[in-house]
Amino acid sequence: MEFRIAWCITGAGHFLLESFEVFLKLVKKKDVKVTTFLSCAGEEVARVYGILDRLEKISPGNYYQEIILEREQDKGFPKTGRFARNRYSALVISPATANTVAKMACGIADTLITSAFAQAQKGEVPTYVVPTDLRAGIVMTKLPALVDHDICIDCDTCLPLEKCPNNAIKIIEKPVIDLTLCRGCKTCVELCPHSAIIFGKEIKTKVRKLDEENVNKVSQLEGVKILKHPSEIYDAIFYIGGN
Ligand SMILES: Cc1cc2nc3c(=O)[nH]c(=O)nc-3n(C[C@H](O)[C@H](O)[C@H](O)COP(=O)(O)O)c2cc1C
């Protein structure tokens with residue numbers, strides 16, 4: 001029997017690459033089909049972290065293996081009717097932004113992902129949420145590509161700028177990466193002779209008490225399980241009856 005999973009990506013860099021790795025592993029299982037849903041911000045963030053162009057490995061485009069983009073959908077998100085009709089064995093929202101979790105906690109369903117969540121509740125589809133902002137305090141997160149201006153020495157010819165396949169590097173006094181064009185291919189990282197372009201730089205970020213409270217509210221909804229890390233998705237999915 002086919003085991004259909006809906007994977008929802010919201011606009012979070014935190015846990016994004018880890019979520020992608022888990023789904024690459026999941027689709028290797030026999031009879032597992034994954035539909036990938038992306039919020040508008042999810043599509044942007046997946047692009048700059050370099051996974052947007054690789055999502056076809058998870059959802060190659062067949063029935064129930066589509067990549068569904070919020071910006072291409074009508075405002076009522078008819079595709080999320082699949083959840084109310086119980087067409088999926090599981091819904092996984094990973095990573096889930098603080099924004100999406102806040103909306104889910106209040107019952108707001110005005111985006112592709114929050115609508116999927118609301119419909120899944122109506123269709124009693126088991127739902128797994130991996131929030132980026134789980135517990136109040138400091139967490140470490142990784143940034144997409146950036147030029148470190150403490151290292152950049154402003155070469156006369158900037159190789160990354162010349163060779164970027166997406167023309168995403170501009171000079172604004174010094175070279176900067178235009179994240180609206182970047183596709184996270186890392187060509188620039190390899191080409192800079194001074195290693196001034198860094199992908200995945202770690203920074204500290206603060207999780208608010210408000211976001212923790214929203215996660216707690218969502219955890220109390222029927223059929224919803226909060227997972228601390230994407231690595232927990234695999235076991236959670238197979239616990240509900242996969243092969
Ligand atoms: C590169 C980048 C990374 C981001 N990472 C996060 C994140 O880890 N967690 C989060 O809550 N928001 C993050 N955001 C902000 C969200 O994308 C923003 O709140 C957006 O409105 C979320 O929309 P969505 O919940 O519909 O996907 C990030 C934004 C950018 C541009």
Side-chain angles (χ1 to χ4, degrees), residues 6-22 36-53 55 67-73 75-77 79-80 91-120 127 129-147 166 168 176-186 188-189 197-218 226-230:
W7 177 28
C8 291
I9 303 176
T10 62
H14 195 56
F15 288 156
L16 178 61
L17 299 178
E18 293 89 339
S19 304
F20 181 68
E21 292 304 322
V22 167
T36 304
F37 295 78
L38 293 109
S39 71
C40 291
E43 183 183 355
E44 289 170 16
V45 174
R47 176 173 44 71
V48 298
Y49 281 85
I51 69 155
L52 188 62
D53 296 334
L55 284 178
I67 296 170
I68 298 176
L69 303 177
E70 177 171 10
R71 74 177 161 82
E72 292 178 353
Q73 298 301 303
K75 286 292 170 206
F77 308 113
K79 280 278 194 293
T80 65
L91 164 64
V92 181
I93 307 177
S94 179
T97 59
N99 173 63
T100 287
V101 171
K103 288 184 174 186
M104 295 188 314
C106 298
I108 296 171
D110 66 348
T111 63
L112 179 64
I113 310 305
T114 53
S115 175
F117 179 75
Q119 294 296 325
T127 298
V129 181
V130 185
T132 60
D133 293 40
L134 181 70
R135 294 281 166 261
I138 302 296
V139 292
M140 298 302 289
T141 193
K142 288 183 183 143
L143 296 176
L146 60 83
V147 183
N166 304 299
V176 290
I177 297 175
D178 180 348
L179 287 182
T180 65
L181 297 174
C182 177
R183 301 195 80 85
C185 69
K186 303 183 197 154
C188 55
V189 177
I197 303 187
I198 302 164
F199 187 96
K201 182 179 172 149
E202 280 210 288
I203 55 152
K204 280 183 191 169
T205 175
K206 192 176 169 192
V207 174
R208 303 172 301 176
K209 187 82 187 131
L210 171 72
D211 297 317
E212 178 181 329
E213 284 164 8
N214 287 331
V215 170
N216 291 341
K217 273 190 204 162
V218 172
I226 301 291
L227 305 178
K228 290 192 206 72
H229 190 275

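Just follow the structure's listing: the first ligand is 1, and inside any ligand the first atom is 1. Along the sequence shown, residues are numbered consecutively beginning with 1. No hydrogens, no waters, no symmetry mates; every other heavy atom, side chains included, goes into these values.
- With a 4.5 Å cut-off on side-chain heavy atoms, Arg208 and Asp133 do not count as touching.
- On a distance-only criterion, Thr111 and ligand 1 share no N/O pair closer than 3.5 Å.
- Taking 4.0 Å as the cut-off between side-chain N and carboxylate O, Lys209 and Glu212 count as a salt-bridged pair.
- Under a 4.0 Å criterion applied to the non-hydrogen atoms of Ala41, ligand 1 contributes the atoms 17 (O), 20 (C), 22 (C), 23 (O), 27 (O).
- Regarding atom 17 (O) of ligand 1, its nearest protein heavy-atom neighbour is Gly11 O, 2.6 Å.
- The side-chain hydrogen bond (donor to acceptor under 3.5 Å, both in side chains) test applied to Asn99 returns no partner, not counting sequence neighbours.
- For ligand 1, one of its N or O atoms has an N or O atom of Gly13 under 3.5 Å away.
- Considering only heavy atoms from C-beta on, Ile197 comes within 4.5 Å of Ile177 through its side chain.
- At least one N/O-N/O distance between Ala98 and ligand 1 falls below 3.5 Å.
- Only side-chain heavy atoms of Thr132 come within less than 4.0 Å of ligand 1; its backbone N, CA, C and O stay farther off.
- Although no hydrogens or angles enter the test, the distance criterion places no donor-acceptor pair under 3.5 Å between the side chain of Arg135 and the main chain of Val207.
- Contacts of Ser39 with ligand 1, taken as heavy-atom pairs under 4.0 Å, involve the side chain alone.
- Proximity to Thr10 (heavy-atom distance under 4.0 Å) selects the following atoms of ligand 1: 27 (O).
- Contact annotation: the side chain of Val22 never approaches that of Val92 to less than 4.5 Å [non-hydrogen atoms, C-beta and beyond].
- Closest to atom 23 (O) of ligand 1 among all protein heavy atoms lies Asn99 ND2, 3.4 Å.
- Looking at Asp211, Val45, Leu16 and measuring to atom 31 (C) of ligand 1, the nearest heavy atom belongs to Val45.
- Between the Thr114 side chain and the Thr111 main chain, a donor and an acceptor come within less than 3.5 Å of each other.
- In this structure, Leu112 and Thr80 have side chains that are in contact, with non-hydrogen atoms separated by less than 4.5 Å.
- Considering backbone and side-chain atoms together, Tyr49 places no N or O closer than 3.5 Å to any N or O of ligand 1.
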